[in-house]
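Below: one structure, written as structure tokens.
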2 protein chains.
Amino acid sequence: MADVARLAGVSSQTVSRVSNGYAGVNEETRQQVLAAMRELGYRPNSAARALKRGEFRTIGVITFGLSTTGNVRTLEAIATSAAHEGYAVTLLPVAVPTQDEVRGAFSRLGELAVDAVIVILEVHLLDAMTLSLPPHIKVVVADSDAGDRYTVVDTDQAGGSRDAVRYLLDLGHDTVWHLAGPEESFAAQRRADAWRAELTGAGRAAPPPVRGDWSAESGYRAGLELAARPDCTAVFAANDQMALGLLRALHERGRHVPGDVSVIGFDDIPEAGSFLPPLTTVHQDFAEVGRRCVEGVLRQMGQDAPEHGTTLVPTRLVVRDSTAGPRRP
Amino acid sequence: MADVARLAGVSSQTVSRVSNGYAGVNEETRQQVLAAMRELGYRPNSAARALKRGEFRTIGVITFGLSTTGNVRTLEAIATSAAHEGYAVTLLPVAVPTQDEVRGAFSRLGELAVDAVIVILEVHLLDAMTLSLPPHIKVVVADSDAGDRYTVVDTDQAGGSRDAVRYLLDLGHDTVWHLAGPEESFAAQRRADAWRAELTGAGRAAPPPVRGDWSAESGYRAGLELAARPDCTAVFAANDQMALGLLRALHERGRHVPGDVSVIGFDDIPEAGSFLPPLTTVHQDFAEVGRRCVEGVLRQMGQDAPEHGTTLVPTRLVVRDSTAGPRRP
DNA sequence: CCATCAGATGTTTACGTAAACATAACAGGC
DNA sequence: GCCTGTTATGTTTACGTAAACATCTGATGG
């Protein structure tokens, strides 16, 4: 900066003003400074800036694995929104979802150049580490429940699930089976609860849910069980990957979809429309979730006190070819 | 830091020494300083550190969309390896893959707190922007060709493709059709070239390739074309998503897989084993690619001059149920 | 018994920037 | 003609850290 100032024949402060787009700089001077910057290939040093301004213009994102579609799409939206607001995004991967690992991520975070954090993690992993966060850092939690402690942004898991169940009931099925996600998952929990609530509300008996771990493979195994039950004519799978495995199992066992069994998934991954048959599923607006996370974080940065409360992003049922009315004898 | 020093009754320099794990500090003093740190909730300020040390311990990753499986898995591996080496990862998403967008990302990068960059992008988007990078920043390019200018880490696209084609030929097919990726993609190009080379090498005629855009939907459309050709008994799809669409098209047209048509994909996405039928595919070791990217970047940071040259990560053919010998009349 | 040296700690300084304050030049009003 | 206010620019300082250098203490050996 000093070099630029010297070359342009001005003070370093004027260079700073130009570099920050300050108003009160003579146009002629401004051009000279800009020319000097170009000539010397000047780049403002962001460390010095951060030091001086006391903020990094960076948001940290803690997430467990980028393996699940949802996390990735949310992350992408976060990165895009953040970039749009002039913020960078720093990634904090948590290798294994244990308390220790999460604690480690949070403590690394403590010495990281970050103004705020967005957490995409199951809440039960989050409990212990609240304290270890530097107090001025703002937090938003995605896809979890902690509305009493943090700002939370989440897909309307319950609404989407109820829509799915109701759609199947409206088609004439007596009841709807559920291929649930892993027990530890809050999202899985919510989807299962809503499924049960909707059935109960309609006066139907809820069959025992079958549990998977989100993977297509686990959906296949669960599907083999379900295929063996002739009274199973409709299944609500907690995500599309498991639905894929389910479709394979049903196919192998000669149960036709949607003739014999209707299947609905959750997420609407890009491939869902190319399954055999194309999958009816609950569309999640991950982009919106990401956007609102960034929004929440920025809003908090404008204030002094943290917020709490939950924002729900609505879902939409996408009807394709894996659902039909039951075959009546 | 000054507060900690005061409370512990030492100089700030000693605090710095403790905070950096320097050897020559009396154990007793050390404990006092640590106690003071705890009491005051001291966190080293990373901006000041970066300013003083002249490095950020951060790697930037420029990538177009996180939509494609490969990019994400590579990114994940990069983040994990980097964390392991004490580096953070900053994400620079490129919204639309145009020269302008990429140029924008690179210029944002210029003022970003980053020591090195890993670029996961098709090279043809990269050409113009070489200059705009601050000279001291190290670059590694993944999944692209620029071995003459940068360090490149890539999957052995050619090897994997040749394996796939040879496997199909060995099963007895006369030739292998190709469902190619988009023209602009370097990876697609390489896979197509290798496919053609292997066929030619075996003295077979290469049928005209059908082009998709990586999406399952495009694979479906291409599949409808291929299904109409009775002489098509084996297809090598440039990725698993397109293979999925292809399977659907073949199924709809009553062409049995693998009875009538054999299909091989590329990537080995987690769902590939749950396709109908489970997909034979070329496994890519994304984790290894990511690891080597980080390694390459760190190696360069130890040196003054940039490197160039290409590292290839081998692939592995995973045989499942979508391939078989041709049905001989 | 003193020179020498190693270990432990303190002092000074600089990293690059921008806020706060200071200065200079000039225009307009009385 | 002088005071006031505005605009453009310069000077000083502090952000939090760590390298370089300085100092102090006590031990060792000739």
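Proteins come first, then strands; the chains are lettered A, B, ... in the order of their sequence lines, and each starts at number 1. Only heavy atoms go into these numbers, but all of them, side chains included; no hydrogens, no water, no symmetry mates.
Side-chain proximity of T29(B) to the nucleotides dT11(D), dT9(C), dG10(C) is greatest for dT9(C).
The distance from atom CD of Q32(B) to atom P of dG10(C) is 10 Å, rounded to the nearest whole Å. In this entry the distance linking CD of Q31(A) with C1' of dT9(D) reads 17 Å, nearest Å. Atom pair N26(B):CG and dC24(D):P shows a separation of 19 Å (rounding to whole Å applied). Separating the CD atom of E28(B) from the C1' atom of dG7(C) is a distance of 15 Å, rounded to the nearest angstrom.
Closest approach of M1(A) and S16(A) over heavy atoms only: CE-CB, 3.9 Å.
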**Request:** Summarise how protein sits on nucleotides 12-20 of chain D as a single string, 5' to 3': B when a protein heavy atom is under 4.0 Å from the base, S for sugar-phosphate-only contact, - for no contact.
**Result:** --BBBBBBB

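In this structure the side chain of T155(A) reaches within 4.5 angstrom of the side chain of V289(A), judged on heavy atoms. Using a 4.5 Å heavy-atom threshold, the side chains of L75(A) and V61(A) count as touching.
Side chain to side chain, S19(A) and R49(A) meet the donor-acceptor criterion of an N or O pair below 3.5 Å.
Here the options are R292(A), E295(A), R291(A), the test is side-chain contact (heavy atoms from CB on, under 4.5 Å), and the partner is V153(A); only R292(A) passes.
No salt bridge links R30(A) with E28(A); every basic N to acidic carboxylate O contact stays at or beyond 4.0 Å.
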